[in-house]
Amino acid sequence: MAKVCVFCGGTPLTKEHVLPRWLKVALDPSVRRFRYIRLSEEGLQRHDAPPLNDQVKVVCSECNSGWMNQLEESVRHFLPALIQGTACTLDAAEQQALATWTLKTLLMFQYTHRPGVRTVIPSEDFVRLRELRQPTLSMLGRLGFMNYPPDDSEPLVDTLCQVYGAPEAGGVAWIGTLKIGCMVAQIIRAPDLPEGRTLPPFESLPSLRPIWPQEEHVVWPLPAAIPHQLMTALALPQGLDVNTMPA
């Protein structure tokens, strides 16, 4: 584990639940399967464990009890509804909070692996999250709907992360996808953009809505569901083609 906080470099370090314990109210106790997969040029790494059990000791007490706790509270009133597939509407501020919480959670999942395979998400993305308290302009976020797992044949919590490129080749890009129950939240991190350029937002689809940049509102559940068998194709595409447009 880290010796100093991965966000600010501070100490002392405290344990952080990768998924908050209060999510227990939203999860069906009969469905327990969980997996975290990350894929890079070095190959595939897989981690299986029960939901809500994972803790990582990589953040300082100030970050953990400060901005990270505030972020958890900002999604607490609507996240259970997203997971259970019950009706709610997300305004622009709630979409931003969800995109930020998803990014933070993906960063924490990286540390559930042993040290040699924690290289998908670069350290600069941790620092910039703490500074900005939101995704960067080199990121896109979207929210998808998937039917709740009927049993342990499908993971209740499914987290996949894939890296594209390398710093010496013009910049790291990665895709992180977090599925909990009915909610599929995804962050795409493009290489840093040239000055004066920005990323076009995701297209709104029946089963996927952009949340970073935000829409005016997102009505949940979405009108169509992503089939379970398409989870890997959505999260681990063969390549990452990123277009830009004038800011």
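Just so we're clear, the structure is a prediction, and the values are computed from it rather than from any experiment. Keep in mind that the numbers below use all heavy atoms, side chains included, and drop hydrogens, waters and symmetry copies.
One distance of note links CD1 of I180 with CE of M146; it measures 13.0 Å at 0.5 Å rounding. Here CH2 of W101 is found 16.0 Å from CD of Q96. Values are rounded to the nearest 0.5 Å. The distance from the CZ atom of R142 to the OG1 atom of T177 is 8.0 Å, given to the nearest 0.5 Å. Within the model, atoms CG of L106 and CG of D125 stand 11.0 Å from one another, a figure rounded to the nearest 0.5 Å. Note that CZ of R133 is 15.5 Å distant from CZ of R128, once rounded to the nearest 0.5 Å. Note: T136 OG1 to E131 CD = 11.5 Å, rounded to the nearest 0.5 Å.
Criterion: ILVMFWY side-chain heavy atoms under 4.5 Å apart, direct or through other members. Under it, W22 and L27 are part of a common hydrophobic cluster. The hydrophobic cluster containing V219 does not contain L205, counting ILVMFWY residues as joined when their side-chain heavy atoms lie under 4.5 angstrom apart, directly or transitively. Using a 4.5 Å cut-off between side-chain heavy atoms of Ile, Leu, Val, Met, Phe, Trp and Tyr, with links allowed through other members, M68 and V127 fall into different hydrophobic clusters.
Across Y164 and L236, no two heavy atoms sit closer than the pair OH-C, 4.2 Å. Nearest heavy atom pair, residue N147 against residue C182, reads C-SG, 4.2 Å. When all heavy atoms of P20 and E72 are compared, the pair lying nearest together is CG-OE1, 3.3 Å. Considering every non-hydrogen atom in both P201 and M245, the closest pair reads CD-CE, 4.2 Å. Of all non-hydrogen atoms in S65 and S61, the two that sit nearest each other are OG-O, 2.6 Å. Of all heavy-atom pairs spanning R21 and N53, the tightest one is NH1-OD1, 3.8 Å.
Checking T14 against N64 by side-chain atom types alone, a donor-acceptor pair falls below 3.5 Å.
Atom CD of Q229 has more than 12 neighbouring heavy atoms from other residues, nucleotides or ligands inside a 6.0 Å radius. No more than 12 heavy atoms of other residues, nucleotides or ligands sit less than 6.0 Å from atom CG of L137.
Side-chain atoms of Q110 never come within 3.5 Å of backbone atoms of L107 as a donor-acceptor pair (strictly under, hydrogens ignored). Checking side-chain atoms of Q186 against main-chain N and O of L234 turns up a donor-acceptor pair under 3.5 Å. With R130 contributing its side chain and C8 its backbone, the two residues share no donor-acceptor pair below 3.5 Å. Checked by atom type and distance alone, the side chain of Q162 pairs as donor or acceptor with a backbone atom of P237 at under 3.5 Å.
Contact check for M108 versus V58: side-chain heavy atoms found under the 4.5 Å cut-off. By the 4.5 Å heavy-atom criterion applied to side chains, M139 and W174 are counted as neighbours. Within the 4.5 Å cutoff, the side chain of L98 has heavy atoms near those of the L82 side chain. Counting heavy atoms from C-beta on, the side chains of P135 and T100 come closer than 4.5 Å. Proximity of S138 to P191: side-chain heavy atoms (C-beta onward) are nowhere separated by under 4.5 Å. Inter-residue side-chain proximity for M183 and L79 is flagged as met; some heavy-atom pair is nearer than 4.5 Å. For the pair E16/D54, no side-chain contact is recorded, criterion being any heavy-atom separation below 4.5 Å from C-beta on. Two residues are said to be in side-chain contact when any heavy atoms from C-beta on lie closer than 4.5 Å; L178 and V184 fail this criterion.
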Assess the residue pair I211 and F202 against the criterion (side-chain contact (heavy atoms from CB on, under 4.5 Å)); give the C-alpha distance rounded to whole Å, side-chain angles, the decisive distance to 0.1 Å, and a yes or no. CA-CA 9 Å; I211 54 172; F202 278 121; over 6 Å; no
As a quick check of understanding, evaluate salt bridge (Lys or Arg N to Asp or Glu O under 4.0 Å) for R189 and E124, giving each step before the final call. CA-CA 12 Å; R189 201 279 204 197; E124 66 188 83; 3.1 Å; yes
Please lay out, stage by stage, how V59 and C5 fare under the test side-chain contact (heavy atoms from CB on, under 4.5 Å). CA-CA 4 Å; V59 299; C5 179; 4.3 Å; yes
Test V56 against V18 for side-chain contact (heavy atoms from CB on, under 4.5 Å), laying out the working first. CA-CA 7 Å; V56 292; V18 178; 4.0 Å; yes
Would you check, one step at a time, whether the test side chain to side chain donor-acceptor pair (under 3.5 Å) holds for Q95 with W212? CA-CA 7 Å; Q95 293 169 56; W212 181 261; over 6 Å; no
Given the rule in the side-chain contact (heavy atoms from CB on, under 4.5 Å) test, do L143 and L90 qualify, once you have shown the distances and angles that lead to the verdict? CA-CA 11 Å; L143 173 66; L90 304 183; 4.1 Å; yes
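Applying the ring-ring contact (aromatic ring centres under 6.0 Å, His included) test to residues at least two apart or on different chains, the pairs with a partner in residues 219-247 are F145-W220. For residues 58-96, the pairs satisfying ring-ring contact (aromatic ring centres under 6.0 Å, His included) are F7-W67, with sequence neighbours left out.
Looking at residues two or more places apart in sequence or on another chain, you find a side-chain hydrogen bond (donor to acceptor under 3.5 Å, both in side chains) between R76 and E73.
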